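Data first, discussion second: the structure below is written as structure tokens.
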Amino acid sequence: MHRADSTELLEDPSLPADVVATAYSDLARTQRLLGNTAAIFRKLRKSRIPIRRVLDLGCGQGALLEQIRRKLGVDVIGFDLRPTPPSATIPILTGNAAVDPLPFADVALAVCLVHHLSEPDVIDLIRNVSRSCRRLILLDLVRHWIPLILFRVFLSPFLHRINSADGITSIKRSYTTRELRTMAEEAVRGSNARIVHTVAPFYIRQIIEITWS
Ligand SMILES: C[S@@+](CC[C@H](N)C(=O)[O-])C[C@H]1O[C@@H](n2cnc3c(N)ncnc32)[C@H](O)[C@@H]1O
């Protein structure tokens with residue numbers, strides 16, 4: 001399957017605020033259903049370095065960070081291209097995570113962000129994170145026919161219309177396990193970083209964890 005060159009409905013800057021809020025809230029529910037939220041919590045709880053502050057890149061409206069702050073009692077900060085709604089209950093900075101200066105944190109997360117980026121931008125994002133964080137947990141989809149079929153049959157009918165369409169586009173524009181691993185290796189070449197790459201059953205997600213020592 002070739003990588004799709006298309007944008008997602010939620011990327012449309014002219015969408016009304018209430019539609020955007022509903023879509024992000026449904027997306028947070030989808031991340032829980034898929035086990036992605038639990039996978040992030042497992043990684044955070046297993047951290048060898050103490051975590052005082054978590055940065056979420058491409059955080060949307062901050063649903064994951066709200067849960068992290070509540071359950072782990074740590075400081076949180078979000079970063080997203082889309083301006084923060086006035087109703088946000090956590091601090092969210094606006095900018096491009098691949099190029100703009102990022103705030104300091106013990107760990108940075110990027111959940112379903114990198115399929116939005118080109119290959120050079122994924123490499124830039126990883127290098128950008130290394131300037132302000134010692135650890136990056138990058139969770140994303142896998143471009144593969146198995147998750148595409150599973151999503152279409154079991155999940156898509158129950159989702160908000162935007163997330164139903166965007167889910168399919170997202171899988172088609174995501175990176176294969178080999179592509180993402182190659183980009184991570186290129187990004188950290190010459191540094192002392194350690195990469196751990198895991199792929200969930202049926203290719204429903206992949207996680208690249210990078211630690212700079
Ligand atoms: C599919 S949504 C995922 C939202 C959230 N992480 C989640 O999993 O529910 C992707 C998010 O990444 C943001 N985004 C896309 N490109 C970005 C960039 N270059 N820098 C920062 N955020 C970006 C979008 O605005 C959007 O909120």
Side-chain angles (χ1 to χ4, degrees), residues 4 6-15 17 19-41 43-44 54-68 76-85 88 90-103 105 107-129 131-133 136-143 147 151 155-156 159-160 162-175 183 187 200 204-208:
S6 39
T7 54
E8 296 168 36
L9 301 179
L10 192 52
E11 289 178 78
D12 178 355
S14 69
L15 279 179
V19 174
V20 172
T22 308
Y24 273 123
S25 147
D26 191 63
L27 187 54
R29 184 175 66 98
T30 310
Q31 300 291 24
R32 288 194 292 274
L33 281 173
L34 286 170
N36 291 341
T37 307
I40 291 291
F41 270 95
K43 292 280 181 196
L44 291 176
V54 177
L55 165 66
D56 187 8
L57 305 167
C59 66
Q61 300 196 339
L64 176 60
L65 287 179
E66 280 172 11
Q67 283 190 71
I68 290 174
V76 295
I77 183 152
F79 198 95
D80 202 283
L81 262 189
R82 201 183 255 285
T84 320
I90 52 162
I92 300 179
L93 304 174
T94 306
N96 180 346
V99 296
D100 291 326
L102 300 173
V107 55
L109 309 174
V111 179
C112 292
L113 165 64
V114 296
H115 65 263
H116 288 256
L117 308 181
S118 65
E119 296 197 18
D121 280 354
V122 174
I123 293 170
D124 285 347
L125 172 98
I126 294 171
R127 290 181 180 157
N128 201 21
V129 170
R131 295 182 192 106
S132 64
C133 304
L136 169 65
I137 301 170
L138 192 159
L139 182 156
D140 219 282
L141 300 160
V142 182
R143 194 173 79 248
F151 182 86
L155 220 47
S156 177
L159 301 181
H160 185 280
I162 289 184
N163 297 329
S164 175
D166 283 354
I168 288 166
T169 309
S170 298
I171 294 171
K172 289 182 174 173
R173 74 196 289 221
S174 64
Y175 291 103
M183 282 181 264
I204 59 168
R205 70 179 150 266
Q206 55 181 325
I207 300 181
I208 294 259

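Values below: every heavy atom of this structure, side chains too, minus hydrogens, waters and symmetry copies. Remember, it's a predicted structure, so these values are computed and weren't measured experimentally. Along the sequence shown, the residues carry numbers beginning at 1. Both ligands and their constituent atoms are indexed starting at 1 by order of listing.
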Shortest non-hydrogen contact from Leu102 to Leu57? CD2-CD2, 3.9 Å
Side-chain contact, heavy-atom cut-off 4.5 Å: Val129 with Leu138? no
Give the residue, atom name and distance (to 0.1 Å) of the protein heavy atom nearest atom 15 (C) of ligand 1. Leu113 CD1, 3.6 Å
Judged on heavy-atom distance to atom 7 (C) of ligand 1, which of Gln31, Gln61, Glu8, Arg32 sits nearest? Gln31
Would you check if Ile68 and Asp56 make a side-chain contact, meaning some heavy-atom pair closer than 4.5 Å? no
Within less than 4.0 angstrom of ligand 1, does Leu10 place any heavy atom? no
Restricting to heavy atoms, the pick from Leu117, Ile92, Val122, Leu27 nearest atom 2 (S) of ligand 1 would be Leu27
For Gly95, atoms of ligand 1 separated by under 4.0 Å from a heavy atom: 20 (N), 21 (C)
If you measure from atom 4 (C) of ligand 1 to every heavy atom of Gly78, Gly58, Ala23, which option wins on shortest distance? Gly58
N/O of Asp56 under 3.5 Å from N/O of ligand 1, yes or no? no
Near Ala97 (heavy-atom distance under 4.0 Å), the atoms of ligand 1 are 18 (C), 19 (N), 20 (N), 21 (C)
for atom 24 (C) of ligand 1, nearest protein heavy atom and its distance come out as Asp80 OD1, 3.5 Å
In terms of heavy-atom contacts, Leu55 and Cys133 come closest through CD2-SG, 4.0 Å
Heavy atoms only: which of Leu125, Asn36, Asp124, Val111 lies closest to atom 3 (C) of ligand 1? Val111
Numbering the atoms of ligand 1 from 1, which are under 4.0 Å from a heavy atom of Tyr24? 25 (O), 26 (C), 27 (O)
Can you list the ligand 1 atoms lying under 4.0 Å from a non-hydrogen atom of Cys112? 1 (C), 3 (C), 10 (C)
So, are Arg173 and Glu11 salt-bridged, with charged N and O less than 4.0 Å apart? yes
Where do Pro147 and Val142 come nearest, in terms of heavy atoms and distance? CG-O, 3.6 Å
Could you say whether the N/O atoms of His116 and ligand 1 ever approach to under 3.5 Å? no
I'd like to know if the side chain of Asn128 reaches the main chain of Ala97, judged simply by a donor and an acceptor atom lying under 3.5 Å from each other, with no hydrogens or angles considered. yes
Of Leu109, Ile208, Val107, Ile126, the residue whose pairing with Leu136 passes side-chain contact (heavy atoms from CB on, under 4.5 Å): Ile126
Validation row: Arg143, His115 side chains within 4.5 angstrom (heavy atoms): no
of all protein heavy atoms, closest to atom 22 (N) of ligand 1 is Leu81 N, 3.2 Å
Using a 3.5 Å distance criterion without hydrogens, assess whether the side chain of Asp26 forms a donor-acceptor pair with backbone atoms of Thr22. no
Atoms of ligand 1 under 4.0 Å from any heavy atom of Gly60, numbered from 1 in the order shown, are 27 (O)
Close-contact set for ligand 1 against Asn96 heavy atoms, below 4.0 Å: 18 (C), 19 (N), 20 (N)
